[in-house]
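Only one structure is covered here, and it is reproduced in the block below.
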Amino acid sequence: MLKNLQKLRIEKRLRKSSRITLLLSGVASVIAVICMIIIIVRYDYTLTYYAFPQGDIALAMNEYAEVRSATRAIIGYENESEIKIVMTQHDEAKAEVEQLMAEIEKSIVTSEGKALFEEMNSALEAYYVKDAEIIEIGKSTDSAQSAKAQEMAINELTPLYNAVDEVFTELMELNVQKGDTTQEQLLIMAVIFTVLIVILMINAFLISTKLSIITAKGIIEPMHQLIDRLNGFAQGDISSPFPENDNDDEIGDMIKAVSSTTVKIQTIVNDMDDLLAKMAEGNFDIHSSCEEEYVGEFNGLLKATEKMNYEISATLNDMQNAADMVSAGSTNLAEASQALAEGATDQAASIEELQAMVSEISSSLEITTDKASSAYERATQCAQEVEKSHSEMEIMVDAMNKISETSLNISNIIVDIEDIASQTNLLSLNAAIEAARAGEAGSGFAVVAEQIRILADQSAKSAVSTKQLIEESINKVEIGSQSAVKTSETLMNVVELMKTIAENSKDISETVRRESESVKDADEGISQISEVVQSNSATAQETSATSEELSAQAISMDEIVGKFVLKQ
């Protein structure tokens, strides 16, 4: 029964336990009431048939003694009126005895009592017969008759009276004996019933206690096991099994519900662990294997993970695209810088040739100055030399124009370099922002982005410096070009004035001296232009090297991003 009780649900178990406890208490109470009723009935029986009859017997004996006394008075009195009065008292006492005898007969239930009662009736009848005979003799006023009646009363009636009195006494003793026996039985029954009731109460208490302990144990033990398991669950243990409970009760339902929830959480945690492990290995092209388990608030966890995966994948895609753009831009910048360096080298060579030509002009002008006194004799030769110088000056002007055009092209290339550096700097800034969003996963890329930004800043600064130098070179070339134009015009005048060189030799000498000074100034300007062009060449080579390094960094960044498997 206890096993079947333990399999019930808690509410039914408690109700049935309460009913069993109440039933046991009720049974004990009913038995106690029955025992009390038995004792009460038995006690009432004793009072009715053994105690109360004692009074009737005593009254009957008293009335019986009154009958005897009246008989004595009748045979002893000599006055007829008194005799009549006593006769009335005698009859009344006799009637009372008969009435009491009827009551006594009703209370006699034992065979011994009935036998004594029959004996007492017989003795009373014998007594009443003899008593009537003696009264009949002794009620007269005759002394002889009275004496005879008295003698008969003493000799014949007294034994009969004593016989009746002995029967009354025996009947009383019998009732006393029966009453004492019944009293002893009642005492024994009271003790037995008390012990029985105590035993029943103790058994009921023990059974109720055991039932309560078993019921409480059947509830508390699974609850404690469940609480211990839930404490482990709160500490992160989701793999240990939950306690088994074969009972179809509320605790079993609770364990099944919590176990089912734990299995679902374990499935979700394992799926999340797999997704995050793949992401940590660089694979962002991932999908949940149990998307249907993410219900309720768990769906937010899956959505957040998918959003994080999407954002990181998109950031890495942007980084890869930026790396490709930086690599392409760096390649273009390197090519442009290389072309700039080659152009600057060509310019330097042209300027060196121009400087040599100007030096030759300067030497020629010094010779012309030294030989001014013989200008006339050598006027033809001078005219030829001037024409030659004029031709060379035109070549120089053309060269200066080419230098100016080349410098403008270099300036345009520098502007492109500045634009590329600005875009590279912007890309590096965006890459740094995306790397910061990516957290630890983007820390390596943040360093690459910072290096790209530094290289972009260096390229921008170098481009600005190169642009300034080229602008200065252009200004110098313009000055040189203007000087060359002036020189060309002067030489044209010299050619025209060669016809009159003889007459104006002093003027020619002065003019040659002034031209010599102008050529020296041009030589100095060309020297400055040569330095600027050489500086531009060095800057262009440095820019080319920086661009190649930036391209290598972009390729390295592209390789780093290429290690990740991204969503398409």
Side-chain angles (χ1 to χ4, degrees), residues 36-76 83-139 149-190:
M36 291 297 296
I37 291 173
I38 291 173
I39 291 175
I40 290 171
V41 170
R42 192 64 180 170
Y43 182 73
D44 182 70
Y45 180 84
T46 302
L47 290 176
T48 302
Y49 296 105
Y50 298 123
F52 294 154
Q54 294 292 82
D56 293 336
I57 292 172
L59 289 174
M61 290 179 69
N62 185 52
E63 294 298 328
Y64 180 60
E66 290 291 332
V67 171
R68 183 183 180 186
S69 298
T71 300
R72 287 179 178 179
I74 290 170
I75 63 178
I83 292 171
K84 289 181 179 180
I85 293 171
V86 175
M87 282 289 291
T88 303
Q89 293 176 350
H90 178 274
D91 294 338
E92 291 177 353
K94 182 179 177 182
E96 188 69 24
V97 169
E98 289 177 353
Q99 184 178 357
L100 290 172
M101 286 297 291
E103 293 294 330
I104 291 170
E105 185 181 11
K106 293 179 181 178
S107 65
I108 295 173
V109 292
T110 63
S111 58
E112 296 92 339
K114 290 180 179 180
L116 287 174
F117 187 79
E118 292 295 331
E119 183 180 354
M120 186 170 58
N121 278 334
S122 299
L124 278 173
E125 289 177 359
Y127 176 82
Y128 285 148
V129 171
K130 185 58 70 176
D131 180 69
E133 182 181 352
I134 291 172
I135 289 172
E136 187 65 29
I137 294 172
K139 68 180 180 180
Q150 289 177 358
E151 184 179 358
M152 289 178 66
I154 293 170
N155 295 325
E156 296 178 9
L157 190 60
T158 298
L160 294 174
Y161 177 82
N162 291 333
V164 173
D165 187 69
E166 287 178 358
V167 175
F168 272 118
T169 302
E170 288 180 3
L171 185 59
M172 287 187 69
E173 290 178 351
L174 178 63
N175 285 337
V176 169
Q177 181 183 359
K178 293 294 183 180
D180 292 340
T181 302
T182 305
Q183 183 180 7
E184 291 177 356
Q185 292 176 352
L186 287 174
L187 290 174
I188 293 171
M189 288 175 65

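All values reported here derive from a predicted model rather than from experimental measurement.
The shortest heavy-atom contact between I135 and M87 is CG2-SD, 3.4 Å. Taking all atoms of both residues into account, the shortest heavy-atom contact from G113 to L174 is N-CD2, 3.2 Å. When all heavy atoms are compared, the tightest approach of A60 to I104 is CB-CD1, 3.9 Å. When every heavy atom of A149 is checked against every heavy atom of G138, the shortest pair comes out as CB-CA, 3.4 Å.
I108 places none of its side-chain heavy atoms less than 4.5 Å from the side chain of L116. At a threshold of 4.5 Å between non-hydrogen side-chain atoms, the residues K84 and T88 do not count as touching.
Taking NZ from K139 and CD1 from I83, the interatomic distance works out to 9.5 Å, rounded to the nearest 0.5 Å. Here E112 contributes atom CD and L171 contributes atom CG; the two are 11.0 Å apart, rounded to the nearest 0.5 Å. A distance of 11.0 Å separates CG in D165 from CE in M120, rounded to the nearest 0.5 Å. For the atom pair OH (Y127) and CG (N121), the distance works out to 15.5 Å, reported to the nearest 0.5 Å. Atom CG in N162 sits 9.5 Å away from atom CG in L157 (nearest 0.5 Å). Taken to the nearest 0.5 Å, the CE atom of M152 stands 4.0 Å off from the CD1 atom of I137.
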From CA spacing to verdict: side-chain contact (heavy atoms from CB on, under 4.5 Å), L160, E156 | CA-CA 7 Å; L160 294 174; E156 296 178 9; 5.8 Å; no
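For the side-chain contact (heavy atoms from CB on, under 4.5 Å) test, residues two or more places apart in sequence or in another chain that qualify with A73 are Y77, V86. With sequence neighbours left out, the side-chain contact (heavy atoms from CB on, under 4.5 Å) criterion links Q99 to E96. Considering only residues two or more places apart in sequence or on other chains, K178 meets the salt bridge (charged side-chain N to carboxylate O under 4.0 Å, His left out) condition with none of them. The salt bridge (charged side-chain N to carboxylate O under 4.0 Å, His left out) test applied to E170 returns no partner, not counting sequence neighbours.
Among residues at least two apart or in separate chains, side chain to side chain donor-acceptor pair (under 3.5 Å) pairs with a member in residues 53-75 are Q54-N175, T71-H90, T71-D131. Residue pairs that meet the side chain to side chain donor-acceptor pair (under 3.5 Å) test with at least one member in residues 101-111, sequence neighbours left out, do not exist here.
The neighbour count for Q185 CD, taken as heavy atoms of other residues, nucleotides or ligands under 6.0 Å away, is above 12.
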